[in-house]
Amino acid sequence: MTVQGWLHRRRTLKSVVFLVLRDRSGLVQAVVTDPEAMAAAGGHPEETVLQITGIVTANPQAPGGAEVTSPAVTALSGPAEAPPFDLYRPSVAATLPTILDHAPVALRHPLLRAPHAISAVSVAGFRTTLDALGFTEIHTPKVVASATESGANVFGIDWFGTRAYLAQSPQFFKQAMVGVFERVYETGPVFRAEPHDTARHLAQYTSLDAELGFVTDHREVMAVLREVLAGMTAAVERHAGEECALLDVELPNIPERIPEIHFTRAQELLAAHTGEDPRGEPDLAPAHERWLSRWALREYGSEFLFVTGYPMVKRPFYTHPEPGRAEYSNSFDLLFRGLELVTGGQRLHRHEDYLAALAARGESPEPYAGYLAAFRHGMPPHGGFALGLERWTTRLTGADNIRRATLFPRDLHRLTP
Ligand code: AMO
């Protein structure tokens with residue numbers, strides 16, 4: 001048989017050279033015993049790209065349980081320099097900045113590659129779940145004329161002499177497409193000019209968005225999200241078992257009904273039990289999210305918790321208010337292992353409600369004309385959510401920093417590689 005891959009590890013002994021080759025499926029060892037071939041094989045440094053043809057022989061001691069004997073070894077290309085750390089060692093002897101600086105080669109280490117394989121199958125699980133529920137995949141512009149989430153953390157760019165922005169979310173487009181397809185989803189990059197340097201913020205991240213029409217309120221959106229989480233987890237279990245084993249990933253149980261707590265009740269609990277009184281604050285602090293996650297685990301055995309009803313002042317203008325309590329909203333955040341993973345909710349769907357909401361915030365409808373057009377032609381009650389892919393993988397793999405779940409992170413300090 002012929003195998004092609006990278007020379008992961010070379011060991012030269014007196015009468016044998018072991019070449020461990022790495023390809024997309026794992027490791028395989030070739031055993032070179034012919035003296036002439038040994039001299040040639042012994043000269044290849046690690047990360048040389050090799051093609052090896054030989055006889056496959058069972059060997060329980062070899063990685064993968066088999067090895068290639070009597071190999072003919074051809075070098076397809078050789079490395080110009082050694083990797084910044086040994087890729088064959090079981091643990092990674094490098095700091096995060098070194099890993100990120102050398103991402104193209106560092107990510108070849110099985111431990112560093114694994115989170116990205118998990119991300120990939122998670123996205124596949126997101127897609128299959130929503131496909132089965134009758135959603136249509138869409139692709140929308142990433143250069144836009146107005147901010148969607150808030151004007152504060154948007155990147156401005158020059159677009160042929162006109163002011164434009166990098167999309168913070170496909171929010172407007174996915175809502176408009178409810179008018180066309182009823183149920184849509186999108187996976188793609190979004191941009192946030194995040195000035196803070198934290199372990200959970202990126203300036204570019206991958207947003208997994210969904211939006212569906214004909215909902216009664218945000219709870220139907222939460223039910224779809226529950227199915228999506230189950231589908232993503234099942235996909236990881238089925239298709240990334242090796243990576244999960246390598247990283248000691250504990251997959252979460254997805255409760256049939258994810259527990260839910262209203263924002264006001266969450267604040268009461270925090271006031272009663274944490275020695276802090278956040279009542280009156282319009283949002284939850286990261287420490288509050290961690291506390292509530294621990295509470296949900298104790299109280300319901302759930303690693304997920306929906307916090308619903310956030311105050312309208314903290315939600316974007318498209319948010320639907322809570323019937324009978326207009327200062328609160330039909331929106332939610334989903335906390336997973338102490339971190340906000342998803343935001344979603346019910347949206348306004350009547351044109352006049354959008355005009356009123358913008359006016360109440362002292363904003364002109366002018367910059368939103370293209371967006372508002374959809375609502376002039378009849379839109380059903382609808383809602384949706386967005387899940388941050390890198391946050392999902394970070395929490396799933398127990399990574400200490402979101403950058404370990406991002407191929408080429410973009411942040412306050414990093415624009416390369
Ligand atoms: P929001 O702004 O809360 O909501 O973002 C949704 C989810 O995206 C992730 N996220 C981030 N991940 C990494 N780095 C960041 N800087 C970052 N900012 C956000 C989080 C968050 O929960 N349009 C709404 C969604 C909706 O209502 O459909 C929105 O974008 O996991």
Are there over 12 heavy-atom neighbours, none belonging to Arg361, within less than 6.0 Å of that residue's CZ? yes
Is any NZ, NE, NH1 or NH2 atom of the basic residue among Arg414 and Asp101 found under 4.0 Å from an Asp or Glu carboxylate oxygen of the other? yes
Check the angle between the aromatic planes of Tyr310 and Phe263 and answer parallel, tilted or perpendicular using the 30° and 60° thresholds. tilted
Can you confirm whether more than 12 heavy atoms, excluding those of Glu237, are under 6.0 Å from its CD atom? no
If you look only at pairs with a residue in residues 398-417, which of them pass as a ring-ring contact (aromatic ring centres under 6.0 Å, His included), with sequence neighbours excluded? none
For atom CH2 of Trp6, decide whether the heavy atoms of other residues, nucleotides or ligands shown that lie under 6.0 angstrom number more than 12. no
Test side-chain hydrogen bond (donor to acceptor under 3.5 Å, both in side chains) on Arg315 and Ser331 and set out the steps. CA-CA 8 Å; Arg315 294 309 231 207; Ser331 73; 3.0 Å; yes
Do Phe336 and Val342 touch side chain to side chain, with heavy atoms closer than 4.5 Å? no
Ion pair present between Arg219 and Glu260, side-chain N to carboxylate O less than 4.0 angstrom? yes
For a quick check under 3.5 Å, do Thr187 and Arg127 share a side-chain donor-acceptor pair by atom type? yes
Verify the ring-centre separation between Trp159 and Tyr165: is it less than 6.0 angstrom? no
Would Tyr354 and Phe375 count as a close aromatic pair, with their ring centres under 6.0 Å? yes
Flag yes if more than 12 heavy atoms outside Arg113 fall under 6.0 Å of its CZ atom; otherwise flag no. no
Can you tell me if CZ on Arg298 sees more than 12 non-hydrogen neighbours from other groups inside 6.0 Å? yes
Heavy atoms from other residues, nucleotides or ligands near CD of Glu250 exceed 12 (cutoff 6.0 Å): no
Between Arg347 and Asp353, does at least one N-O distance fall below 4.0 Å, as a salt bridge requires? no
So does Lys142 pair up with Glu186, basic N to acidic O under 4.0 Å? yes
Do Thr57 and Thr69 have side-chain atoms, one donor and one acceptor, less than 3.5 Å apart? yes
Check the pair Met177 / Glu211 against side-chain contact (heavy atoms from CB on, under 4.5 Å), numbers first and verdict last. CA-CA 8 Å; Met177 284 303 103; Glu211 197 76 18; over 6 Å; no
Starting from the C-alpha separation in whole Å, work towards a yes-or-no answer on side-chain contact (heavy atoms from CB on, under 4.5 Å) for Glu340 and Leu335. CA-CA 4 Å; Glu340 175 205 316; Leu335 309 183; 4.3 Å; yes
Verdict with supporting geometry, Glu390 and Thr206, side-chain hydrogen bond (donor to acceptor under 3.5 Å, both in side chains): CA-CA 7 Å; Glu390 293 83 354; Thr206 309; 2.8 Å; yes
Show me the pairs that pass ring-ring contact (aromatic ring centres under 6.0 Å, His included) and involve residues 82-122, at least two apart or across chains. none
Hey, are Glu47 and Arg22 close enough for a salt bridge, meaning a charged N less than 4.0 Å from a carboxylate O? yes
Determine, stepwise, if the pair Gln171 / Tyr371 fulfils side-chain hydrogen bond (donor to acceptor under 3.5 Å, both in side chains). CA-CA 10 Å; Gln171 185 64 36; Tyr371 170 45; 5.3 Å; no
For Phe317 and Tyr368, take the angle between the two ring planes, folded into 0 to 90°, and tell me which bin it lands in: parallel under 30, tilted 30 to 60, perpendicular over 60. tilted
Is it the case that over 12 heavy atoms from other parts of the model lie below 6.0 angstrom from the CG atom of Asp23? yes
Which value, rounded to the nearest 0.5 Å, describes the distance between Leu100 atom CG and Asn401 atom CG? 7.5 Å
Do other residues, nucleotides or ligands put more than 12 heavy atoms under 6.0 Å from Arg325 CZ? yes
